[in-house]
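All residue numbers refer to positions in the sequence shown, counting from 1. As the structure lists them, so they are numbered: ligands from 1, and atoms in each ligand from 1.
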Amino acid sequence: MEIQLDIVGLSQWGIPYDGIFVIAGPCSAESPEQLMETALGIAKCPVSVMRAGIWKPRTRPGSFEGVGAQGLSWLKAAGNAAGIPVTVEVANPMHVEECLRQGIDVLWIGARTTTNPFAVQELADALRGIDIPVLVKNPISPDLSLWIGALERINQAGITRLAAIHRGFCSFNEKVYRNKPEWWLPIEIRRKIPNLPLICDPSHISGRTELLPIIIRKAMDLLFDGLMIECHINPRAALSDAEQQVTPEALGTLLSQAKVKKASTDDPQYLRSIAHLRSTIDELDEQVMELLKQRMKISTEIGRLKKLNNIAILQPERWEKMLGDRITSAKSKGLAETFILRLYQGIHEESIRHQELADPEEQPEA
Ligand code: PEP
Ligand code: MN
């Protein structure tokens with residue numbers, strides 16, 4: 001079901017942008033000079049908003065926790081010099097109050113805060129009656145409702161210039177990304193709230209600069225409206241997130257390579273070809289559906305047989321062997337193991353449900 005939010009599109013935010021709405025700047029504000037130099041550097045790229053963390057939510061105590069409220073005037077001065085509006089992470093009503101006093105233009109809610117509905121509600125209450133754009137990062141766990149709930153709380157406080165930032169999700173044992181993208185979540189949020197602007201934060205997804213181009217390309221292919229990228233004048237000396245920040249020059253290169261994708265075209269040849277390919281996909285899906293139906297019917301029969309003989313539904317050895325065989329077969333067909341694993345976990349779960357429902361009294365159809 002679609003979720004209705006009373007929001008306006010990015011083009012009505014009063015912040016100019018060219019194709020992609022780019023937010024860039026350091027993970028943390030460190031000094032007035034650092035912010036000024038960054039602002040003047042990023043002003044040469046198509047950057048719409050400058051970011052800087054002032055109060056840093058660090059996972060463990062003892063690391064750099066931000067320069068605090070003094071950084072707000074440094075950031076504002078840098079933004080003014082470069083002619084760029086500025087944004088800061090707020091985690092409590094005191095942060096909101098300080099930002100509004102210093103004329104910060106846009107606020108963002110960090111991943112750790114989105115995770116806590118009490119904290120989000122306190123922010124919403126502090127924002128009531130104030131007209132400022134707010135960006136809501138996804139919660140650290142892949143929980144769509146928690147993310148949507150935070151957006152709803154802020155929207156219900158009267159904030160209509162609202163966007164979501166996808167920064168990936170904590171995942172145990174993840175090796176490639178700092179925060180696993182789980183792309184289906186932003187895809188799902190777009191389906192549920194089609195008018196919500198979506199911004200991708202490839203810096204916190206990747207945790208390292210080499211992955212930035214791939215993630216930016218993916219975001220463009222998934223029709224994201226904007227990007228939030230961490231940028232530092234001397235990344236190696238950055239006081240937080242040093243491995244994932246790029247210089248303003250590197251940011252310029254990244255953005256010049258980012259190709260905005262169109263949602264559609266009226267080119268007749270493209271329209272003919274895509275219509276043909278899509279109708280083939282539709283036919284194949286119909287066949288997949290028919291096969292699944294037949295497969296579940298057999299599961300019901302198996303369930304009946306097990307019930308008659310007082311046999312448990314789950315047969316770990318059979319499941320283990322079947323999964324192994326399917327993965328081997330899938331690999332030989334060029335299909336990814338992770339995909340087949342997820343697919344068969346779903347099929348197996350549904351098959352168990354069909355076996356549970358089986359009535360031993362009922363005779364299978366002839
Ligand atoms: C940040 O943007 O620097 C930050 C702390 O991000 P997140 O809330 O996504 O971890
Ligand atoms: Mn950071």
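For CD1 of I281, the number of neighbouring non-hydrogen atoms (other residues, nucleotides, ligands) closer than 6.0 Å is 12 at most. Remark: K180 NZ is loosely packed, at most 12 non-hydrogen atoms of other residues, nucleotides or ligands lying under 6.0 Å away. Counting non-hydrogen atoms of other residues, nucleotides and ligands closer than 6.0 Å to CD of E320 gives a total of 12 or fewer.
Taking the six-membered ring for Trp and thresholds of 30 and 60 degrees, H348 and W319 have nearly parallel ring planes, at less than 30 degrees apart. Using a 30° and 60° split on the angle between ring planes, W55 and H95 fall in the parallel class, below 30°. Ring orientation note: the planes of Y17 and F21 are nearly perpendicular, at an angle over 60° on the 30°/60° scale.
If you look at D241 and ask which of its N, O or S atoms sits nearest the Mn ion (ligand 2), the answer is OD2. Looking at E230 and the Mn ion (ligand 2) together, the shortest N, O or S contact belongs to OE2.
For ligand 1, the atoms lying closer than 4.0 Å to a non-hydrogen atom of E230 are 1 (C), 3 (O). Of all atoms in ligand 1, numbered sequentially from 1 with element shown, those under 4.0 Å from a heavy atom of G110 are 8 (O).
Taking a 4.0 Å cut-off on heavy atoms, C27 registers as neighbouring ligand 1.
The side chain to side chain contact (heavy atoms under 4.5 Å, CB included) test with S240 is passed by exactly one of S63, P26, C27: C27.
The protein heavy atom nearest to atom 2 (O) of ligand 1 is R51 NH1, 2.7 Å. Of all protein heavy atoms, the one closest to atom 8 (O) of ligand 1 is A111 N, 2.8 Å.
No N or O atom of D201 sits closer than 3.5 Å to an N or O atom of ligand 1.
Nearest-heavy-atom check against atom 3 (O) of ligand 1 across R112, E89, K56 picks out K56. Looking at K137, R167, H204, it is R167 that brings a heavy atom closest to atom 10 (O) of ligand 1.
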